[in-house]
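Residue numbers start from 1 in every chain, and the chains themselves are labelled A, B, ... in the order their sequence lines are given, proteins ahead of strands.
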Number of protein chains: 2
Amino acid sequence: MLSYTEENYLKTIYHLSEGGHKSVLTNEIAASLLTKAATVTDMIKKLSLKEFITYEKYYGVNVTKKGKAHALTIVRKHRLWETFLVEKLGFAWDEVHDVAEQLEHINSSLLIEKLDAFLDYPTADPHGHPIPDKHGKIKQEKQIVLKEALVNKPLVVCAVRNGSSPFLQYLSKIGVSIGVSITVRERIEFDGSLEVSIQNKKPQLISREAAENILVKE
Amino acid sequence: MLSYTEENYLKTIYHLSEGGHKSVLTNEIAASLLTKAATVTDMIKKLSLKEFITYEKYYGVNVTKKGKAHALTIVRKHRLWETFLVEKLGFAWDEVHDVAEQLEHINSSLLIEKLDAFLDYPTADPHGHPIPDKHGKIKQEKQIVLKEALVNKPLVVCAVRNGSSPFLQYLSKIGVSIGVSITVRERIEFDGSLEVSIQNKKPQLISREAAENILVKE
DNA sequence: ATAAAAGTTTAGACTAATCTAAAAAAAATT
DNA sequence: AATTTTTTTTAGATTAGTCTAAACTTTTAT
Ligand SMILES: [Mn+2]
Ligand SMILES: [Mn+2]
Ligand SMILES: [Mn+2]
Ligand SMILES: [Mn+2]
């Protein structure tokens with residue numbers, strides 16, 4: 001059994017490792033969790049003792065199979081709760097993350113299975129992020145970053161990379177949400193900004209930063 | 001802001017004080033929370049410093065107005081969550097308490113207001129316990145203990161006193177749930193057991209203990 | 001009215017999670 | 001290759017919540 005804090009460390013390490021594919025350094029974890037490196041060192045010793053990660057002094061940590069499995073249950077809970085908040089309670093997509101940060105630590109497998117059924121087994125959360133199934137399996141569809149999209153090819157918004165409130169609110173304002181159609185009309189080489197048409201409406205400019213944080217599919 | 005632990009102490013003290021009407025002794029709190037008296041003494045010092053309770057050394061504690069208000073928000077959350085689990089997720093009434101013990105500490109007023117609306121502003125939880133409204137107001141209907149009920153007077157089950165799983169499962173088994181009609185046919189003076197007819201079915205015997213834990217109204 | 005019993009508080013210790021400052025190791029620069 | 005800079009770890013402290021054992025108060029029984 002992991003504590004609330006240990007779960008947060010494990011989830012953060014899992015995300016920073018990009019799903020277990022690369023090792024993660026002490027300072028990255030500290031920056032991500034707004035703690036100090038010394039605190040992280042203590043915690044990673046604990047997590048490696050419990051075999052959720054492996055740890056080589058001075059060279060960072062890697063998530064073990066056991067660690068990845070547990071991290072996935074936390075991600076699953078986080079995303080199911082976010083889906084519940086939007087679909088059933090009427091939250092906006094920029095209001096759910098902080099509440100889900102708390103709800104993801106509720107410990108009841110019956111609860112999470114019933115919630116999953118109640119939501120009709122969703123495969124993506126309100127930000128388009130995939131929801132692992134009860135076995136930890138993720139259904140990943142292929143998606144590309146809007147910034148790299150071909151000009152004049154009609155695409156559909158399928159996820160955001162950055163889930164911060166200001167960004168999500170900005171997207172809502174310009175009419176972007178999951179499932180909306182979007183076509184790049186012109187790429188401005190000077191600053192990387194794009195002229196895009198959303199739902200076939202009058203083209204508008206979006207910044208390079210925005211275009212790097214919108215994921216689309218055909 | 002109270003910690004998870006402080007909230008549990010405050011809620012327990014509130015319940016033991018019967019809604020703020022009597023003072024509560026150190027050992028009662030310790031017994032209720034399965035901790036030791038010394039631990040309780042430390043915690044009640046902290047809670048009284050924060051003015052959620054008043055504390056007179058050796059003579060127990062009393063809940064302040066502020067303490068009662070906060071306790072009521074926790075009770076509200078607990079009972080709204082229990083209602084959600086039963087009404088929306090299909091939990092049985094004996095499965096919800098432990099999960100609600102966790103959920104009651106989730107901190108988001110938006111969440112609780114939206115949940116309340118989603119459930120259509122319920123006034124009682126699955127055990128018949130009243131749900132305080134957002135101002136902490138409790139709508140208490142008058143109810144009597146089945147043990148004291150008049151013979152041959154048709155009544156309706158409106159709450160249980162004891163919410164333990166074994167008791168709730170026993171009630172389900174004999175056909176008792178909230179809203180069911182019940183009539184006392186005979187009171188056995190020897191051991192206090194009652195012969196009752198549930199939903200006008202064949203009379204059956206229930207023990208004094210059971211009859212003390214079922215609340216009914218006309 | 002004392003003495004014994006019961007209940008409560010204090011003292012001292014432990015674990016989890018955090019910090020700052022100092023030491024050590026690795027990486028980058030000259 | 002040596003030195004400087006950056007990163008990480010270790011050492012030592014702090015706070016929250018818990019415990020046991022000892023001391024102190026209140027209550028009960030003689
Ligand atoms: Mn999120
Ligand atoms: Mn979290
Ligand atoms: Mn309950
Ligand atoms: Mn609780």
Side-chain angles (χ1 to χ4, degrees), chain A residues 1-17 22-63 67 70-71 74 98 101-102 104-107, chain B residues 1-17 22-63 67 70-71 74 98 101-102 104-107:
Chain A
M1 206 66 312
L2 292 186
S3 71
Y4 191 106
T5 309
E6 289 170 325
E7 283 198 341
N8 277 339
Y9 274 86
L10 178 59
K11 189 184 71 155
T12 296
I13 292 166
Y14 172 74
H15 283 315
L16 291 172
S17 76
K22 55 192 278 275
S23 45
V24 180
L25 302 177
T26 303
N27 267 351
E28 299 179 70
I29 302 168
S32 193
L33 287 167
L34 307 175
T35 58
K36 303 294 159 153
T39 311
V40 172
T41 301
D42 282 347
M43 185 54 84
I44 65 191
K45 281 179 185 165
K46 238 173 41 161
L47 285 174
S48 76
L49 210 69
K50 295 186 180 180
E51 300 185 306
F52 288 93
I53 58 178
T54 55
Y55 165 47
E56 204 186 338
K57 236 172 147 182
Y58 291 104
Y59 293 91
V61 301
N62 283 89
V63 181
H70 192 84
I74 305 169
D98 292 350
E101 280 294 305
Q102 298 179 60
E104 73 189 6
H105 302 288
I106 300 292
N107 186 358
Chain B
M1 205 65 317
L2 292 185
S3 71
Y4 191 106
T5 309
E6 289 171 323
E7 284 198 342
N8 278 339
Y9 274 85
L10 178 60
K11 189 183 73 156
T12 297
I13 292 166
Y14 172 75
H15 282 314
L16 291 172
S17 76
K22 56 193 277 276
S23 46
V24 180
L25 302 177
T26 302
N27 267 351
E28 300 178 69
I29 302 168
S32 194
L33 287 167
L34 307 175
T35 58
K36 303 294 159 155
T39 310
V40 173
T41 300
D42 283 346
M43 185 56 83
I44 64 191
K45 281 179 185 166
K46 238 173 39 162
L47 286 174
S48 75
L49 210 67
K50 295 186 179 181
E51 300 186 304
F52 288 93
I53 58 178
T54 54
Y55 166 47
E56 204 185 339
K57 237 173 147 184
Y58 292 104
Y59 293 91
V61 301
N62 282 89
V63 181
H70 193 84
I74 306 169
D98 292 351
E101 280 295 306
Q102 299 179 61
E104 74 190 6
H105 302 288
I106 300 292
N107 186 357

## Note on the structure
Rounded to whole Å, the CG-P distance (Leu49(A) to dA16(C)) equals 11 Å
#### Entry: For atom CG of Asn8(B) and atom C1' of dA16(D), their distance in whole Å
14 Å
### Task
Name all residues meeting the salt bridge (charged side-chain N to carboxylate O under 4.0 Å, His left out) criterion together with Lys45(B); count only those two or more places apart in sequence or in a different chain, and write none if there are none.
none
### Rounded interatomic separation in angstrom, taking CE from Met43(B) and C1' from dC19(D)
14 Å
### Query
Mind checking what makes side chain to side chain contact (heavy atoms under 4.5 Å, CB included) contact with Asp98(A), not counting sequence neighbours?
none
### Query
Under the ring pair (Phe, Tyr, Trp, His ring centres under 6.0 Å) rule, what pairs show up with a residue in residues 22-56 of chain B, not counting sequence neighbours?
Phe52(B)-His70(B)
### Query
How would you list, by chain and number, every residue that makes a ring pair (Phe, Tyr, Trp, His ring centres under 6.0 Å) with Tyr4(A), sequence neighbours excluded?
His105(A)
### Task
Round to the nearest Å and state the distance from Lys36(A) atom NZ to dA11(D) atom C1'.
18 Å
### Summary
Atom CE of Met1(B) and atom P of dT15(D) are separated, to the nearest Å, by 21 Å
### Task
Determine, for nucleotides 6-14 of chain C in 5'-to-3' order, which nucleotides have protein heavy atoms under 4.0 Å from the base (write B), from only the sugar-phosphate (write S), or from neither (write -).
-BBBB----
### Message
Categorize Tyr9(B) for me: base, sugar-phosphate, or nothing, with a 4.0 angstrom heavy-atom threshold over every strand shown.
### Response
sugar-phosphate
### Query
Between atom CD of Glu28(B) and atom OG of Ser17(B), what is the distance when rounded to the nearest 0.5 Å?
10.0 Å
### Test salt bridge (charged side-chain N to carboxylate O under 4.0 Å, His left out) applied to Glu104(A) - qualifying residues, sequence neighbours left out
Lys11(A)
